[in-house]
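Single-structure report; data block below.
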Amino acid sequence: MSDCVLLSFALCRIGIYTCFRALCCKGPPPPRPEYDVVCIGLTGSGKTSLLSRLCSEGTETVVPTTGFSIKAVPFQNAILNVKELGGADNIKKYWSRYYQGSQGVIFVLDSASSEEELEIARNELHSALQHPQLCILPFLILANHQDKPAARSLQEIKKYFELEPLAREAVDSAALAAGEHGGSKRKLHPAHRPAGREGPGAWKSM
C-alpha cells in the first residue's frame, strides 16, 4: 500500500512539474517583423488623423504636420514604423530626403478636394512613383474622406490619377471614410510580399 502511495505521489510531482514548465517556461512569443514606411500626401488629406486612428489615439487635437513625425502602427502580424511627411508647399520639396530606408509607401489623397488640388496630388503621386528610391517599393494609395458629399468614387480616382496603366502587384488602392463623424471604416494590414520586390508587400483593406 505504501509503495502505491509513493508511486502516486511521484506521478503527481512529475505532472505538476510538467504543467509548471509548460506555463512558465514557454518563453515570450517571437517578435513581430517591423517595416519602415513613408506616408506622403498634401496638407489636409488626412494623413495624421488616419495614423492616429490606427494607433487608437484621439483626433480632436490633430494639427497639420510640419516637418515629419513617426508612429509605430501595430498589426497582428507586423509593426509598421510610419514616417509621415508634412504636405505643405515648403515641405514637399524636401520629401525625397526622407525616402532612404523606406520599405513601402502610403500615399493619402483627399477624394473630396478641388480639381486644382487633385491635379497637384496626381503630379506628386506620379513623381513619387517614378522616384529611384520608391519606384520598386509597394505602394498603397488611399482615397480618404469618402464620407464627404463631394467625394469621388474609387473608380473615379483610379481613372483621374491614371492608376490602371500602373497595374502591378505592388500597387494597391482603397477608399477610406475618415471624416469627423465617419471614423476610419477600414483598417489596413500588411499582406503578402510580391515576388522580386523588397518590403512588406502590398497592403490590403479590411
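No path of Ile, Leu, Val, Met, Phe, Trp and Tyr side chains, each step under 4.5 Å between heavy atoms, connects I120 with L129, placing them in separate hydrophobic clusters.
Scanning all heavy atoms of the two residues, the minimum distance from D110 to G44 falls at OD2-O, 4.1 Å. Smallest separation of non-hydrogen atoms from P132 and C135: O-SG, 3.7 Å. Closest heavy-atom contact between V73 and C55: CG2-SG, 3.8 Å. Counting all heavy atoms, side chain and backbone alike, S153 lies closest to Q146 at CA-OE1, 4.3 Å. Scanning all heavy atoms of the two residues, the minimum distance from G104 to L137 falls at N-CD1, 4.0 Å. Of all heavy-atom pairs between N90 and K93, the closest is O-CE, 3.7 Å.
The CG atom of D36 sits 11.5 Å away from the CD1 atom of I79 when rounded to the nearest 0.5 Å. Between L85 atom CG and R97 atom CZ the span is 12.5 Å, to the nearest 0.5 Å. Rounding to the nearest 0.5 Å gives a distance of 6.0 Å between NE2 of H126 and CG of L163. With values rounded to the nearest 0.5 angstrom, L50 atom CG is found 6.0 Å from L142 atom CG. Between the CG atom of N144 and the CD1 atom of I157 there is a distance of 10.5 Å, given to the nearest 0.5 Å. In this structure, CG on L80 lies 6.5 Å from CD1 on I106, to the nearest 0.5 angstrom.
A cation-pi arrangement is present between R122 and Y160, with the terminal nitrogen or guanidinium carbon under 6.0 Å from the aromatic centre and inside a 45° cone about the axis.
A donor-acceptor pair under 3.5 Å links the side-chain atoms of R152 to the main chain of S113, judged by distance alone. Looking only at distances, a side-chain donor or acceptor of T43 sits under 3.5 Å from a matching main-chain atom of A88. The closest donor-acceptor contact from the side chain of K47 to the backbone of G41 lies under 3.5 Å. The closest donor-acceptor contact from the side chain of H145 to the backbone of A150 lies at 3.5 Å or more, if one exists at all. In this structure, S45 contributes its side chain and L42 its backbone to a donor-acceptor pair below 3.5 Å. Under a 3.5 Å cut-off, the side chain of Q103 and the backbone N or O of V38 do not form any donor-acceptor pair.
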For this session: Please step through side chain to side chain contact (heavy atoms under 4.5 Å, CB included) for the pair S111 and K148, ending with a clear verdict.
Result: CA-CA 9 Å; S111 59; K148 293 184 177 180; over 6 Å; no
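Residues H131 and V105 have side chains not in contact (no heavy-atom distance under 4.5 Å, counting atoms from C-beta outward). Side-chain contact check for E124 versus F107: some heavy-atom pair is nearer than 4.5 Å.
Side chains of S102 and Q133: no donor on one and acceptor on the other come within 3.5 Å.
Put simply, the residue from Y98, Y99, Y94 that forms a ring-ring contact (aromatic ring centres under 6.0 Å, His included) with F68 is Y98.
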